[in-house]
Amino acid sequence: MKKALTVAGSDNSGGAGIQADLKVFSAFGIYGMTAITSITVQNTKGVIETIPVNSQTLYNQIKSIAEDIGIDVLKVGMLQTAENVEILSEAIDKFNLNLNVIDTVIKSKNNKSLLNDEAIDLFIKKIIPKSFIITPNIPEAERLTGNIIKDIEDMKKSAKELYKMGAKYIVLKGGHLPMENKVFDIIYDGKDFVILEYPFVKAKNTHGTGCTYASAIASNIVKQKDIIKAIRIARIYLQGAIENSTDIGLNHFWMH
Ligand SMILES: Nc1ncnc2c1ncn2[C@@H]1O[C@H](COP(=O)(O)OP(=O)(O)OP(=O)(O)O)[C@@H](O)[C@H]1O
Ligand SMILES: Cc1ncc(CO)c(N)n1
């Protein structure tokens, strides 16, 4: 059984963060493990409170798993503090966590900060160059590049600039920019663009789509070498989770 570690915040409402990641790993038959960066208080309406975990405790959580059970793939979500960014960078080097999916979480849907302003430059400097895949949404890509993104051409331009920051694959998610009832994700590997096009679903609650997508990608890149195929499988799974969602949120187990 492949083993995945998620380094992320706890979402007590179960839709995003650590809780979503563990559901996704389970749906794909992956053994899921956690290193919690922040305890958040949230519900279907949004994030109410965030309490960061001490960065040494974060490091110890990663170390205890890396030195014992082992980590086949790493998924990273909310980090909240500069100290957590710094310690994660050390842990990636120390434990060779090079097969990873880094979700560039900056803000929640209700605009609550999930990565402090002073941590963003450090994240660009220390984490993006060590990333295998990064998965920014449109506002995050705008914040990281300084660009304004209004259409697919803008998405492609920003994907190229994000690639130059050092990740091997960029998955620029277009959920915030629906066009004619369609959503587009742009994948860029430094050479070619792949565009994934899906119908926009008028779901009541899509809380946690970003976390769910990133952990589905992590679950699949550890199973097979064709990265584009792995991302496609993750996107099909995500669409099913959205289409089968309820008022509470995504249905992570729609395949079962
Ligand atoms: N209503 C929708 N219908 C279909 N696909 C969607 C919808 N909303 C989001 N998606 C898809 O979900 C994925 C995540 O997109 P989005 O840009 O919303 O990420 P996110 O903002 O990081 O998510 P979150 O912050 O809620 O975790 C993308 O693949 C996007 O295309
Ligand atoms: C813990 C956590 N991570 C990420 C997000 C972004 O969806 C959230 N709302 N909560």
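First listed ligand is number 1; within each ligand, the first listed atom is number 1.
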Atom indices of ligand 1, in the order listed, that fall short of 4.0 Å to a heavy atom of [X]:
X    : result
C211 : 27 (O)
G208 : 26 (O), 27 (O)
Q239 : 4 (C), 5 (N)
V183 : 4 (C), 5 (N), 31 (O)

Is there side-chain contact between [X] and [Y], with at least one heavy-atom pair below 4.5 Å?
X    : Y    : value
K223 : I30  : yes
I102 : F123 : yes
V7   : I36  : no

No-hydrogen, no-angle side-chain donor-acceptor test under 3.5 Å, [X] and [Y]:
X    : Y    : value
N60  : Q56  : yes
D103 : Y213 : no
T37  : Q80  : no
N147 : E161 : yes
T44  : H207 : no

What residue and atom, counting heavy atoms only, is the protein's closest point to [atom], and at what distance?
atom                    : answer
atom 27 (O) of ligand 1 : G210 N, 2.8 Å
atom 12 (O) of ligand 1 : L238 CD2, 3.2 Å
atom 11 (C) of ligand 1 : R235 NH2, 3.6 Å
atom 1 (C) of ligand 2  : G9 O, 3.4 Å
atom 6 (C) of ligand 2  : L114 CD1, 3.9 Å
atom 26 (O) of ligand 1 : K109 NZ, 2.1 Å
atom 29 (O) of ligand 1 : D185 OD2, 2.6 Å
atom 8 (C) of ligand 2  : A16 CB, 3.7 Å
atom 22 (O) of ligand 1 : K173 NZ, 2.8 Å
atom 1 (N) of ligand 1  : V201 O, 2.8 Å
atom 6 (C) of ligand 1  : I242 CD1, 3.5 Å

Can you confirm, on distance only, whether ligand 1 has an N/O atom lying under 3.5 Å from any N/O atom belonging to [X]?
X    : answer
E140 : no
N137 : yes
G175 : yes
K107 : no
I138 : no
Y213 : no
F184 : no
H176 : yes

Could you grab the distance from atom CG of N96 to atom NZ of K130, nearest 0.5 Å is fine?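 N96 atom CG to K130 atom NZ measures 11.5 Å (nearest 0.5 Å).
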With hydrophobic residues grouped by side-chain heavy-atom distances under 4.5 Å, do I124 and Y188 end up in a single group? yes
So, does P136 sit close enough to ligand 1 that a heavy atom of it is under 4.0 Å from the ligand?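 No.
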Would F200 count as a contact of ligand 1 if the rule is a heavy atom under 4.0 Å away?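 Distance cut 4.0 Å: F200 passes for ligand 1.
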Have a look at ligand 1 and work out which part of P178, if any, has a heavy atom under 4.0 Å from it: side chain, backbone, both or neither.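 For P178, there is no contact with ligand 1 at all, from either part.
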Would you call G77 a ligand 2 contact, heavy-atom distance under 4.0 Å? no
Does ligand 2 have an atom under 4.0 Å from some heavy atom of H207? yes
Ligand 2 atoms in contact with C211 (distance to a heavy atom under 4.0 Å): 4 (C)
Atom NZ of residue position K3 - does it have more than 12 heavy atoms of other residues, nucleotides or ligands inside 6.0 Å? yes
Is I228 atom CD1 crowded by more than 12 heavy atoms from other residues, nucleotides or ligands, each under 6.0 Å away?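 More than 12 within 6.0 Å, yes.
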Using a strict 4.0 Å threshold on nitrogen-to-oxygen distance, state whether D21 and K75 make a salt bridge.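 A salt bridge is present here (some side-chain N lies under 4.0 Å from a carboxylate O).
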So, are E67 and K63 salt-bridged, with charged N and O less than 4.0 Å apart?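 Here E67 pairs with K63 in a salt bridge, since their nearest N and O are under 4.0 Å apart.
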Do K156 and F193 form a cation-pi contact, if we require the NZ or CZ to be under 6.0 Å from the six-membered ring centre and within 45 degrees of the ring's axis?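 Checked: cation-pi criterion met.
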From the candidates M78, Q42, Q19, the one that places a heavy atom nearest atom 3 (N) of ligand 2: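 Nearest heavy atom to atom 3 (N) of ligand 2 lies in M78.
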From the options T81, L122, I127, select the one residue that forms a side chain to side chain contact (heavy atoms under 4.5 Å, CB included) with E86. L122
Would you call the rings of F95 and Y59 parallel, tilted or perpendicular if under 30° counts as parallel and over 60° as perpendicular?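 Plane angle between 30° and 60°, so tilted.
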